[in-house]
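Just below is one structure, and these are the notes that go with it.
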Number of protein chains: 2
Amino acid sequence: MPDTTPPEPPRAAGGGPLSYAVFQLARTHRGHAAAMLRAMNLHPGQELLLMQLYDRDGRTQAELLERVGLDHSTVSKSLRRMQEAGLLTREPAPHDRRVMVVHLTEAGRALREPITDMWRTLEEISVRDLTPEQIETFTACAYVIEESVRRHAR
Amino acid sequence: MPDTTPPEPPRAAGGGPLSYAVFQLARTHRGHAAAMLRAMNLHPGQELLLMQLYDRDGRTQAELLERVGLDHSTVSKSLRRMQEAGLLTREPAPHDRRVMVVHLTEAGRALREPITDMWRTLEEISVRDLTPEQIETFTACAYVIEESVRRHAR
DNA sequence: TACTTTTATGTGGCTGGCCAAGTAAATGGT
DNA sequence: ACCATTTACTTGGCCAGCCACATAAAAGTA
């Protein structure tokens, strides 16, 4: 329920139709996700780290970092707050005292189902007014675009 | 150039294919936009406010707020920083001393072309590997999805 | 062995973004 | 005329995210 007023696209200064659509869609999407995450006392982004740990517990901070694609400082600070919130633990690895091994706590594991439900709900809402072919095309195009942008970025 | 390593989608915990694709695409998109904006000494989000002023100068802060769809505190702080950066001026309206009227400075106007170029470049890169039909379908679907999410949010 | 380089992580500083609470001015009701 | 309400904006607090720099430990090299 954050904003009931849809943003207006600027006529001037271009604003590529597709790019601007991506931008606005992502904002709406993220806003709704944030509202659902707040219900489980999570901040946006934290659920991504948890999901990687659900995939495999005991990951190293560098592994998480690479998988979520964020800056290491962002991950470092988020993990510290999540540790203080009791969602996970961070212990130095015995063989290499530089690396921090991250383990889920019981409270962290308890959020697996709510997070899964959140994503499923978001997906259901998103595809509600699309045909299966549109869903397929849209998702495929999204990956093509992402790859295109990433390839051009380097 | 921020991240050359593509993020890994988490297998566990669901992660709806379409929703996750939107999430990742938006991050990549925004990252590349941020890199281009940094070249003109702009921070992400500031270009949206400028674009609304290019559409029509002398807007009120409330008008900008409604059009970009952000929180009023976010707009207030961003405008203050942009004023300090010399991009715009904020003067209380004579008839209603509550409202702040925002005007572009010469430096602010000078960024119109670079910002337009930035959006055009981003658009070109995005659609490079898509057919015109795919572009049309993708953009249309994006608006359908956004409307669907927004409708469900209230 | 000692020294440099790479790797893994932490910290400071800044901005974007949200919420909640506060101020100030115009509006509306009585 | 008085006072409550609405409106426009500001401020403080918090977290996400980035960059730049700093630290510590492992690995490579002379």
Side-chain angles (χ1 to χ4, degrees), chain A residues 1-3 7 23 26-39 41-50 59-66 68-85 87 90-102, chain B residues 1-3 5 7 23 26-39 41-50 59-66 68-85 87 90-102 153:
Chain A
M1 81 175 50
D3 49 358
F23 185 84
R27 197 211 288 294
T28 303
H29 224 248
R30 183 171 64 88
H32 196 57
M36 290 190 282
L37 288 170
R38 207 166 42 239
N41 284 314
L42 276 185
H43 295 277
Q46 296 188 345
E47 91 279 14
L48 299 176
L49 291 169
L50 289 176
R59 282 192 195 277
T60 234
Q61 198 161 312
E63 282 179 289
L64 290 171
L65 163 61
E66 183 197 353
V68 297
L70 295 175
D71 194 80
H72 55 269
S73 62
T74 301
V75 174
S76 179
K77 292 170 184 171
S78 282
L79 288 178
R80 181 172 53 76
R81 294 191 187 103
M82 291 168 77
Q83 180 179 22
E84 290 168 357
L87 297 175
R90 289 187 301 166
E91 301 282 340
H95 297 353
D96 190 336
R97 288 189 308 191
R98 292 174 303 179
V99 317
M100 294 290 274
V101 182
V102 182
Chain B
M1 80 183 52
D3 49 359
T5 53
F23 185 84
R27 196 211 284 296
T28 303
H29 223 248
R30 182 172 63 88
H32 196 55
M36 289 190 283
L37 288 170
R38 205 164 44 236
N41 284 315
L42 277 184
H43 295 277
Q46 297 187 344
E47 91 278 14
L48 298 176
L49 292 168
L50 289 177
R59 283 193 194 276
T60 231
Q61 199 159 312
E63 283 180 287
L64 290 172
L65 163 61
E66 182 196 354
V68 297
L70 295 176
D71 193 81
H72 48 268
S73 62
T74 301
V75 174
S76 179
K77 292 170 185 172
S78 282
L79 288 178
R80 179 173 54 76
R81 294 192 186 105
M82 292 168 76
Q83 179 180 21
E84 290 169 357
L87 298 175
R90 289 185 302 165
E91 300 281 341
H95 299 351
D96 189 337
R97 288 188 307 191
R98 293 173 303 177
V99 316
M100 294 291 273
V101 181
V102 182

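A note on names: the letters A, B, ... follow the listed sequences, proteins ahead of strands, and every chain is numbered from 1.
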Q) For Arg27(B) and dG17(C), what is the distance between atoms CZ and C1' respectively, to the nearest whole Å? A) 15 Å
Q: Take atom CD of Gln83(A) and atom C1' of dT9(C), then tell me their distance rounded to the nearest Å.
A: 13 Å
Q: Return the 5'-most residue of the pair Asp96(A), His43(A) with respect to DNA chain D, ranking by each residue's nearest nucleotide.
A: His43(A)
Q.
Using a 3.5 Å distance criterion without hydrogens, assess whether the side chain of Ser78(B) forms a donor-acceptor pair with backbone atoms of Thr74(B).
A. yes
Q) Closer than 4.0 Å, any side-chain N/O of Arg81(A) to the OP1 or OP2 of dA16(D)? A) yes
Q. Can you check the Arg80(A) CZ to dG17(D) P distance for me, whole Å?
A. 15 Å
Q) Is the distance from OP1 or OP2 of dC18(C) to the nearest side-chain N or O of Ser73(B) less than 4.0 Å? A) no
**Q.** Heavy-atom pair with the smallest gap, counting every atom of Leu65(B) and Leu70(B)
**A.** CD1-O, 2.7 Å
Q. Nearest to the side chain of Arg30(B) - dG17(D), dC9(D), dG10(C)?
A. dG17(D)
Q. Between the side-chain atoms of Ser78(A) and the base atoms of dC15(D), is any donor-acceptor pair under 3.5 Å?
A. no
Q) Can you tell me how far P of dG17(C) sits from CG of Leu37(A), to the nearest Å? A) 18 Å
Q. Out of dG17(C), dT11(C), dC15(D), which nucleotide sits closest to the side chain of Lys77(A)?
A. dT11(C)
Q: Give a yes/no on whether any side-chain N or O of Gln46(A) is located under 4.0 angstrom from OP1 or OP2 of dA16(D).
A: yes
Q) Think Thr74(A) has a side-chain N or O under 4.0 angstrom from the OP1 or OP2 of dA16(D)? A) no
Q) Under 4.0 Å: is that the gap between some side-chain N or O of Arg90(A) and OP1 or OP2 of dG10(C)? A) yes
Q.
If you compare all heavy atoms of Ala93(A) against all heavy atoms of Val101(A), which two are closest, and at what distance to 0.1 Å?
A. CB-CG2, 3.8 Å
Q: Starting at atom CZ of Arg97(B), determine the distance to atom P of dT23(C), rounded to an integer number of angstrom.
A: 18 Å
Q. Under 4.0 Å between a side-chain N or O of Arg98(B) and OP1 or OP2 of dA24(C)?
A. no
Q: In whole angstrom, give the distance that lies between atom CD of Glu47(A) and atom C1' of dA16(D).
A: 12 Å
Q: State whether the side chain of Glu47(B) and the backbone N or O of Gly45(B) hold a donor-acceptor pair below 3.5 Å, judged by distance alone.
A: yes
(Q) How close do Val68(A) and Arg27(B) get, counting heavy atoms only, and between which atoms? (A) O-NH2, 3.7 Å
Q: Check the distance between dA25(D)'s P and Gln61(A)'s CD and give it to me in whole angstrom.
A: 16 Å
Q. Which of the following nucleotides, dC18(D), dC19(C), dA21(C), is nearest to the side chain of His72(B)?
A. dA21(C)
(Q) Checking contacts here: which listed nucleotide (dA25(D), dC18(D), dC9(D)) is nearest the side-chain heavy atoms of Asp71(A)? (A) dC18(D)
Q | Separation of atom CE in Met100(B) from atom C1' in dT11(D), rounded to whole Å | A | 14 Å
